[in-house]
Amino acid sequence: MINYKMKLSELIQQYIPQLELKEIQDLLEIPPNTEMGDFAFPCFKLAKTLKKSPQIIAEELVNKIDIPNYVERVKNTGPYLNFFLDRKYFVQDIVQEVLKSRSKYGAQNIGDGKTICIDFSAPNIAKPFHVGHLRSTVIGNALYRIHNYLGYNCIGINHLGDWGTQFGKVIVAYKNWGVKEEIEKDPINTLLNLYVKFHDEAVNKPSLEDEAREWFVKMEAGDEEALSLWKWFSTETLKELKKIYEILGVSFDYFTGESFYNDKIDSVINELKGKSLLKESEGATLVDLDEYNMPPCLVQKKDGSTLYATRDIAAALYRKNNYDFEKCIYVTDYSQNLHFSQWFKVIELMGYTWANDLVHVPFGRVTHEGKRIQTRKGTVVLLEDVLTGAIERVKEIVEEKNPNLNNKEQVAKDVGVGAVIFNDLSNNRIKDISFSWDTAFSFEGETGPYVQYTHARACSVLKKSNQNVDADVNYDLLTDDITVDVVRLIQQFPQVILDAQRKNEPSLITRYVVDLAQAFNRFYNQHHINVEDQELKKARLAIVESSKLVIKNALDLLGIKAPEEM
RNA sequence: GUGCCCAUAGCUCAGCUGGAUAGAGCAACGGCCUUCUAAGCCGUGUGUCCGGGGUUCGAAUCCCUGUGGGCACGCCA
């Protein structure tokens, strides 16, 4: 497949040696309207050096330029030089590439086997998995898949919130009001109720908070009772969590939560001490970051127990030593921005240059009808309810529109879950999301089901064609506007993946696949595919197959299934 | 108070490291199933791109400033 941007840049440079190839490439753009061509080169930058108006420069260039075979014509429009690619050449080039590469179309090896750690999902044990946790999970999962597709060796780590003072709270609550059998029956909800009850009671009895902290001190000291309760709570909740991951189709290489680093903390504290980074303040131990315009990073409470940051530092050191990552990505909501800046700085102060390879990928918060979701207040929207609700809704629609569908259960799951994931990945990650049942369950327009439907439709046409698709077709039949629009989008896919990786922004792929689905649906409505004319049919099938493959690849990168029928 | 983030159509949002008339979806109205899945397609309309300055040949995009909102700021995670 030709890198058109590169080729055109080289071409232009022959006539404008004043500019670096890189500059020309950066300048080359896709015009806002396809009537203006496939690529455009604005001549403003040259006006000063050439001491001519950009309009005149464009005009002179048009007259000079020697048109290569893959370009149909070059036209000047005011200060712009517009390139119109040869449609037949272009469509053939792209379609042949897609049909050859198939599920690898868009894949590249820029990662060259280098390791990327992705720390994502990380729900708190003993708290329910709500819609807020979904974002880290699906964004992290998409980043994992995107990096993998680009040749990185990915390590997905679920840094479970399974350690800390909160467990002291749950232990206190359990010892006061808990019932063993209830936890066994419904661990997450029962533990949640205990947690909520703790906070209700602690309002009137603040000593409970001290008790909780004491229990956490015991946990870190290896107290048997504390640890066995903790272990019990964790295993029970983890079982529930794994069910959710199963439904979402998300997996991890390691479930090493915060507790995993318990025995690795002392050496971190010693190292910090050895590097003279620690300071005592009001009984607590911290790293002073005043110089860097940040509040201090607390590493030990006055009772000697550790904090979130301490365990994050220990985890980073462990990962660097064991995985030798090129980059370690943390996917959390933006309320943790300061936390990450602080301990990244501590790593840097410890003298590790790889502090620069630690990347925080923040995302916006989820509210429910404008209100904050708070576990403690019990105002949660459970992810499980959202998922099962979406699946039920899909079942209703299937009964209405396609009652003879074969594997209804599986399709309902794929589409319902796909709708929820797609919805979470459609906007820029930094934007807050106001969760609403209506939008989560809407399946029209820019939604997952719309894209999946487009894919299923393409599959259906291919099936009904009763023939295999091959790339040896008459490309003269594929040069109309609507067809070329589809191919143009297909051509952009590899670059979209690169952008998504560079910016850690899966929504670029979500947006892209909607555009492609729209273009394909226009093609589908405009052109009948399984026509009598065998030559035409064969040509159009090549477009359908290519579109189908790229939609599938894009959905794969997002962690969304693409059923063949729905 | 200090720091960071956000502000684009009635609603939800795109708009790449500045570029040609600012775009989608939803909602509303009208059209398209005796031919490949109507979860679809086509058509109709709306904008002080939060205000004010500045940089530039050119600003929704960059800089400054004001307003409105969000988040964070020592023993939670």
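Naming: A, B, ... by sequence-line order, numbering from 1 per chain.
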A.B. asks: Hey, is B:C49 sitting syn or anti, using the within-90° cutoff around 0?
C.D. replies: anti

A.B. asks: Just call it for A:Ala122: base, sugar-phosphate, or nothing, with non-hydrogen atoms closer than 4.0 Å on any strand.
C.D. replies: nothing

A.B. asks: Rounding to the closest angstrom, what is the interatomic distance between B:A22 and B:U61 at atom C1'?
C.D. replies: 11 Å

A.B. asks: Reckon A:Leu286 touches a base, only the sugar-phosphate, or nothing at all at heavy-atom distances under 4.0 Å?
C.D. replies: base

A.B. asks: Does a nitrogen or oxygen in the side chain of A:Tyr450 sit under 4.0 Å from OP1 or OP2 of B:C41?
C.D. replies: yes

A.B. asks: May I ask you to verify if any side-chain N or O of A:Arg511 is less than 4.0 angstrom from the OP1 or OP2 atom of B:A24?
C.D. replies: no

A.B. asks: Got A:Met294 and A:Ser341 here, is their nearest side-chain heavy-atom distance under 4.5 Å?
C.D. replies: yes

A.B. asks: Take A:Pro32 and A:His339, find for each the nucleotide of RNA chain B with the closest heavy atom, and name the residue whose nucleotide sits nearer the 5' end.
C.D. replies: A:Pro32

A.B. asks: Which part of the nucleic acid, if any, lies within reach of A:Lys45 when heavy atoms closer than 4.0 Å are counted: base, sugar-phosphate only, or nothing?
C.D. replies: base

A.B. asks: Looking only at atom types and distance, does a side-chain atom of A:Asp303 sit under 3.5 Å from a main-chain N or O of A:Glu214, one as donor and one as acceptor?
C.D. replies: no

A.B. asks: How far, in whole Å, is B:A20 from B:G58 if one measures between their P atoms?
C.D. replies: 14 Å

A.B. asks: For a quick test of reading the model: is some side-chain N or O of A:Asn525 closer than 4.0 Å to OP1 or OP2 of B:G40?
C.D. replies: no

A.B. asks: Can you check the A:Phe41 CZ to B:A20 C1' distance for me, whole Å?
C.D. replies: 15 Å

A.B. asks: In whole Å, measure the gap between the C1' atoms of B:U44 and B:A39 for me.
C.D. replies: 24 Å

A.B. asks: Roughly how many Å apart are B:G23 and B:A27, using the P atom of each and rounding to a whole number?
C.D. replies: 22 Å

A.B. asks: Phosphate oxygens OP1/OP2 of B:U35: is one of them under 4.0 Å from a side-chain N or O of A:Lys464?
C.D. replies: no

A.B. asks: Under 4.0 Å, heavy atoms only, any strand: does A:Arg540 hit a base, just the sugar-phosphate, or nothing?
C.D. replies: nothing

A.B. asks: For a quick test of reading the model: is some side-chain N or O of A:Arg213 closer than 4.0 Å to OP1 or OP2 of B:C76?
C.D. replies: yes

A.B. asks: Measure up the A:His527 and A:Phe523 rings against each other and bin them: parallel (under 30°), tilted (30 to 60°), perpendicular (over 60°).
C.D. replies: perpendicular

A.B. asks: Mind calculating the distance between CD (A:Glu505) and C1' (B:C13) to the nearest angstrom?
C.D. replies: 13 Å

A.B. asks: If we take the P atom in both B:U65 and B:G1, what is their distance in whole Å?
C.D. replies: 16 Å

A.B. asks: Looking at B:A39, I'd like to know if its phosphate oxygens (OP1 or OP2) sit under 4.0 Å from a side-chain N or O belonging to A:Tyr453.
C.D. replies: yes

A.B. asks: Checking one value: the base orientation of B:G54, syn if chi is within 90 degrees of 0, otherwise anti.
C.D. replies: anti

A.B. asks: Take A:His528 and A:Gln300, find for each the nucleotide of RNA chain B with the closest heavy atom, and name the residue whose nucleotide sits nearer the 5' end.
C.D. replies: A:His528

A.B. asks: Considering Watson-Crick and G-U wobble pairs with both distances under 3.5 Å, what does B:G3 pair with?
C.D. replies: B:C71

A.B. asks: Please tell me whether A:Tyr512 and A:Phe493 form a close aromatic pair, meaning their ring centres lie under 6.0 Å apart.
C.D. replies: yes

A.B. asks: Mind checking whether A:Leu61 and A:Asn76 have side chains closer than 4.5 Å, heavy atoms only?
C.D. replies: no

A.B. asks: Is the A:Tyr261 to A:His159 ring centre distance short of 6.0 Å?
C.D. replies: yes

A.B. asks: Would you classify A:His527 as touching base, sugar-phosphate or nothing, given that sugar-phosphate means primed atoms plus P, OP1 and OP2, and contacts are heavy atoms under 4.0 Å?
C.D. replies: base

A.B. asks: Under 4.0 Å between any heavy atoms, over every strand shown, what does A:Val398 touch: base, sugar-phosphate, or nothing? Just pick one.
C.D. replies: base

A.B. asks: For B:U37, take OP1 and OP2 only and decide whether either is under 4.0 Å from a side-chain N or O of A:Ser460.
C.D. replies: yes

A.B. asks: With sugar-phosphate meaning primed atoms plus P, OP1 and OP2, does A:Asn428 contact a base, only sugar-phosphate, or nothing at under 4.0 Å between heavy atoms?
C.D. replies: sugar-phosphate

A.B. asks: Classify the nucleic acid contact of A:Asn82 as base, sugar-phosphate or nothing, counting any heavy atom under 4.0 Å across all strands shown.
C.D. replies: base

A.B. asks: To the nearest Å, how far apart are A:Asp515 CG and B:G15 C1'?
C.D. replies: 11 Å

A.B. asks: Scan A:Pro31 against the nucleic acid and name what it touches under 4.0 Å (heavy atoms): base, sugar-phosphate only, or nothing.
C.D. replies: base

A.B. asks: Who is the Watson-Crick or G-U wobble partner of B:C29, with both distances under 3.5 Å?
C.D. replies: B:G43

A.B. asks: Could you tell me how far B:G25 sits from B:G69 if I compare only their C1' atoms? Round to whole Å.
C.D. replies: 25 Å

A.B. asks: CZ of A:Phe44 versus P of B:U56: gap in Å, rounded?
C.D. replies: 17 Å

A.B. asks: Any side-chain N or O of A:Thr165 less than 4.0 Å from the OP1 or OP2 oxygen of B:C76?
C.D. replies: yes

A.B. asks: Counting just side-chain N and O atoms, does A:Lys48 come under 4.0 Å of either OP1 or OP2 of B:C57?
C.D. replies: yes

A.B. asks: Ignoring backbone atoms, establish whether A:Lys431 has a side-chain N or O less than 4.0 Å from OP1 or OP2 of B:A7.
C.D. replies: yes

A.B. asks: Please name the nucleotide paired to B:C62 by Watson-Crick or G-U wobble geometry with both distances under 3.5 Å, or report none.
C.D. replies: B:G54

A.B. asks: Just call it for A:Lys302: base, sugar-phosphate, or nothing, with non-hydrogen atoms closer than 4.0 Å on any strand.
C.D. replies: base

A.B. asks: Taking atom C1' in both B:U46 and B:C11, compute the distance separating them and give it to the nearest angstrom.
C.D. replies: 13 Å

A.B. asks: Just checking A:Leu307: base, sugar-phosphate only, or nothing, at a heavy-atom cut-off of under 4.0 Å?
C.D. replies: sugar-phosphate

A.B. asks: Quick one: does A:Glu209's side chain have a donor or acceptor within less than 3.5 Å of a partner on A:Pro206's backbone?
C.D. replies: no

A.B. asks: Between B:G47 and B:G40, how many Å separate the two P atoms, rounded to a whole number?
C.D. replies: 27 Å

A.B. asks: Please evaluate residues A:Phe344 and A:His360 with respect to the criterion ring pair (Phe, Tyr, Trp, His ring centres under 6.0 Å), reporting the C-alpha separation (whole Å), side-chain torsions for both, the decisive distance (0.1 Å), and the verdict.
C.D. replies: CA-CA 9 Å; A:Phe344 285 1; A:His360 181 216; 7.1 Å; no

A.B. asks: What is the base-pairing partner of B:A24, counting Watson-Crick and G-U wobble geometry with both distances under 3.5 Å?
C.D. replies: B:U12

A.B. asks: So, is A:Arg457 close to the B:A38 phosphate, meaning a side-chain N or O under 4.0 Å from OP1 or OP2?
C.D. replies: yes

